[in-house]
Amino acid sequence: MTSPEDSAPAIQLFDTLTARKVPFEPLVPGRVSLYVCGVTVYDFSHIGHARVYVFFDTMVRFLESVGYEVRYARNFTDVDDKIIKRANELGLPANAVSEKFIGEFKADMAALGVRAPTFEPKVTEHITEIIALTKTLVDRGAAYTAGGDVFFEVEKFPGYAKLSKRDLKEMQVGARVDVNEAKRSPLDFVLWKAAKPGEPSWESPWGAGRPGWHIECSAMSMKYLGETFDIHGGGSDLIFPHHENEIAQSEAATGGGSSKPFARHWCHMGFVTIDAEKMSKSLGNFFTVRDVRKEYHPEGVRYFLLTTHYRSPINYATQSLDEAARRVAYGYTTLARMNTVLGVASASISAVASAEFIDAMRDDFNTAAALGVLAGELREANELLDKRAAGWKEKLASLRANLLGAARILGVFEAEPESFLASWRARHLASIGMAEADVERLIAERQAARKGKDFSRADAIRAELVAKRILLQDEPGRTTWRVDA
RNA sequence: GGCGGCAUAGCCAAGCGGUAAGGCAGAGGUCUGCAAAACCUUCAUUCACCGGUUCGAUUCCGGUUGCCGCCUCCA
């Protein structure tokens, strides 16, 4: 594959650090390193989590489609206060809780078409690296010990708050900063926590304990991606203090400076909201991925999450989910129509997104604009199929290559259309407790009525099915049905 | 209180200095026994409000109003 630098204009990426769009050039030509903060596995994930991982999955797919090799690391925080609390409530060991929810998370992500990252490190499997990094910070005088705790001394790191653009003095007088007797400054944060009875702990130079929250991401990203890597991502709520702290401890350990930044670009996601309020555990206004995908086909959920640019908030609303589901059905219906004249697309068929689509994605991964391009291409395909003007088959074939290329990037419309549509129907029948044979029987009965010109009976059957969100479609020679999404 | 973001048609949503993408809904039409699907036509002289810069602003600057976020765990 040709190197992406060869011809195409650079990808524009909004960088939180500089607060502007910058041309993206990876540290190593042709290769992108990406770290995204993963979930703390103490419960099911909600749609807010899903948005982040669907987006970064799409980013990775896009980068790969234009020729980059992507090394993508996304961690699991599998030791933490909440996990311990949950384990105590359930009377289970902490790792039983974390392992369960790692499995649930993976199941949710797979359903949403989120591919596994290159690396999925767990905190508990990187205690050695975390201790080593903490020790480096203590040795360098950037951190201090207090009892069995180790704290990072924020004052010793000159660039602190450069990401979140805060004023240290203002923060110090803020009433909400954690007060802890052992800290030299309220802003200092814990790298290593002394063990409390009954909690998971590991031996360290400072006695038994466990890692603080922030240090894990520094240790694991550096292990898998190096001391400097290209893009670090996560939800906007991680900018402060989590990512700020990651920068401080990482650069304090490696020397930092402009020649050796921790992450070269920072990429933060807008929130999923409900009635314009952030979806969150603490507000209780969240929907789990598990529950949502009972209600909606996961591909529709993924489509919905891509309809808004990643930095803007996206409001969770049933109307929007319904609309997304209909668009997914429309896309697959179109693809299925194309297949009837072009034949089923083989795996070897060329799948190259249109230049227009790629341009939209290149501009800060603008999936909303890209979906707009896709809408035009789908409409054009149907138009060709309807009008069959000169040269239509050739145009249709190249359009299909474009659509399949876009599908591969978006992670939507990748399935074989007929079987997708069939599974969609099956899914609906299961949800209303009806059998395929029941529908077929009614269709046959209606066909008989139509033949006998008994249209009132035929219409009654149609109405009966419409009530069950089943729409009949009379085609030449046969009647099919679809789900009214 | 500090810092930051956002306000585009009935709804969702791109655009961010050169005269408003796309989707949903609505209206009309082609097709149909009737429908559905699909397609066609139509649907913002205007981008919260007030000033400023500019030949030109939805896009830049200042202010006003409203909403949201971070400052504590959060994706």
Side-chain angles (χ1 to χ4, degrees), chain A residues 16 19 21 36-40 42 45-56 74 77 80-82 161 164-167 169-171 173-179 187 213 233-242 244 268-273 275-283 286 303-304 307-309 311-315 317 319-320 322-324 326-327 329-330 333-334 336-337 356 360 363 366-376 378-387 450 453-456 458-459 462-463 466 470-476 479-482 484:
Chain A
T16 308
K21 265 191 229 176
V36 175
C37 290
V39 285
T40 300
Y42 70 102
S45 296
H46 63 236
I47 295 298
H49 302 117
R51 184 185 192 196
V52 174
Y53 306 117
V54 163
F55 170 69
F56 283 105
R74 185 191 64 203
T77 298
D80 148 281
D81 289 344
K82 285 178 182 162
S164 54
K165 298 158 184 66
R166 284 158 204 274
D167 185 308
K169 288 192 177 64
E170 287 293 340
M171 285 199 293
V173 300
R176 301 173 78 188
V177 175
D178 179 32
V179 178
L187 293 177
W213 173 35
S236 296
D237 44 5
L238 297 183
I239 295 172
F240 188 89
H242 186 55
E244 201 68 72
H268 291 100
M269 304 277 307
F271 299 125
V272 175
T273 60
D275 295 334
E277 276 197 323
K278 180 186 173 187
M279 177 185 289
S280 72
K281 278 285 169 67
S282 49
L283 285 171
F286 62 90
Y303 187 102
F304 161 70
T307 55
T308 301
H309 182 85
R311 278 190 284 119
S312 300
I314 184 170
N315 202 249
Q319 190 188 329
S320 302
D322 288 340
E323 216 175 277
R326 263 180 249 126
R327 290 264 86 202
Y330 167 74
T333 302
T334 305
R337 280 189 82 191
E356 205 184 342
D363 183 10
N366 195 334
T367 55
L371 250 16
V373 174
L374 194 70
L378 287 167
R379 200 216 73 250
E380 195 184 341
N382 279 121
E383 191 183 356
L384 288 168
L385 285 156
D386 280 354
K387 305 203 170 150
R450 289 177 75 207
K453 303 281 184 205
D454 183 1
F455 293 123
S456 65
D459 290 348
R462 184 199 290 289
V466 162
I470 290 170
L471 298 181
L472 297 184
Q473 308 182 127
D474 294 327
E475 294 169 24
T479 293
T480 59
W481 66 275
R482 58 183 281 270
D484 182 16

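Residue numbering restarts at 1 for every chain, and letters A, B, ... go by the order of the sequence lines.
In terms of phosphate contacts, A/Asn366 brings no side-chain nitrogen or oxygen within less than 4.0 Å of OP1 or OP2 of B/A14. Neither OP1 nor OP2 of B/C70 sits under 4.0 Å from any side-chain N or O of A/Lys165. For the OP1/OP2 pair of B/C12 and a distance below 4.0 Å, the side-chain nitrogens and oxygens of A/Arg327 include no atom meeting the criterion.
A donor and an acceptor atom never sit less than 3.5 Å apart when one is taken from the side chain of A/His309 and the other from the base of B/A13.
Nucleotide B/C24 holds its P atom 14 Å from the CG atom of A/Asp484, rounded to whole Å. The distance between atom CG of A/Asn382 and atom C1' of B/A38, rounded to the nearest whole Å, is 5 Å. Atom CG in A/Asp167 sits about 15 Å away from atom C1' in B/C70, given to the nearest Å. Put simply, CG on A/Asn315 is 14 Å from C1' on B/A7, counting in whole angstrom units. Rounded to a whole Å, the OH atom of A/Tyr303 is 9 Å from the P atom of B/C24.
Residue A/Arg51 is out of contact with every strand shown, counting any heavy-atom pair closer than 4.0 Å.
Base-pair partner of B/C31: not found among the strands shown (Watson-Crick or G-U wobble, both distances under 3.5 Å). Pairing for B/G56 is absent, with no Watson-Crick or G-U wobble pair whose two atom distances lie under 3.5 Å.
Look at A/Arg379 and A/Glu383 and you find a salt bridge, because one of the NZ, NE, NH1 or NH2 atoms lies within 4.0 Å of a carboxylate O, short of that distance.
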Atom pairs under 3.5 Å: protein N/O with N/O of nucleotides 27-34 of chain B:
| residue | atom | partner | partner atom | Å |
| --- | --- | --- | --- | --- |
| B/G33 | N7 | A/Arg450 | NH2 | 3.4 |
| B/G33 | O6 | A/Arg446 | NH2 | 3.1 |
| B/G33 | O6 | A/Arg450 | NE | 3.2 |
| B/G33 | N1 | A/Asp459 | OD1 | 2.9 |
| B/G33 | N2 | A/Asp459 | OD1 | 3.1 |
| B/G33 | N2 | A/Asp459 | OD2 | 2.6 |
| B/C34 | O2 | A/Asp459 | OD1 | 3.4 |
| B/C34 | N3 | A/Arg462 | NH2 | 2.5 |
| B/C34 | N4 | A/Arg462 | NH2 | 3.2 |
| B/C34 | N4 | A/Asp474 | OD2 | 2.6 |

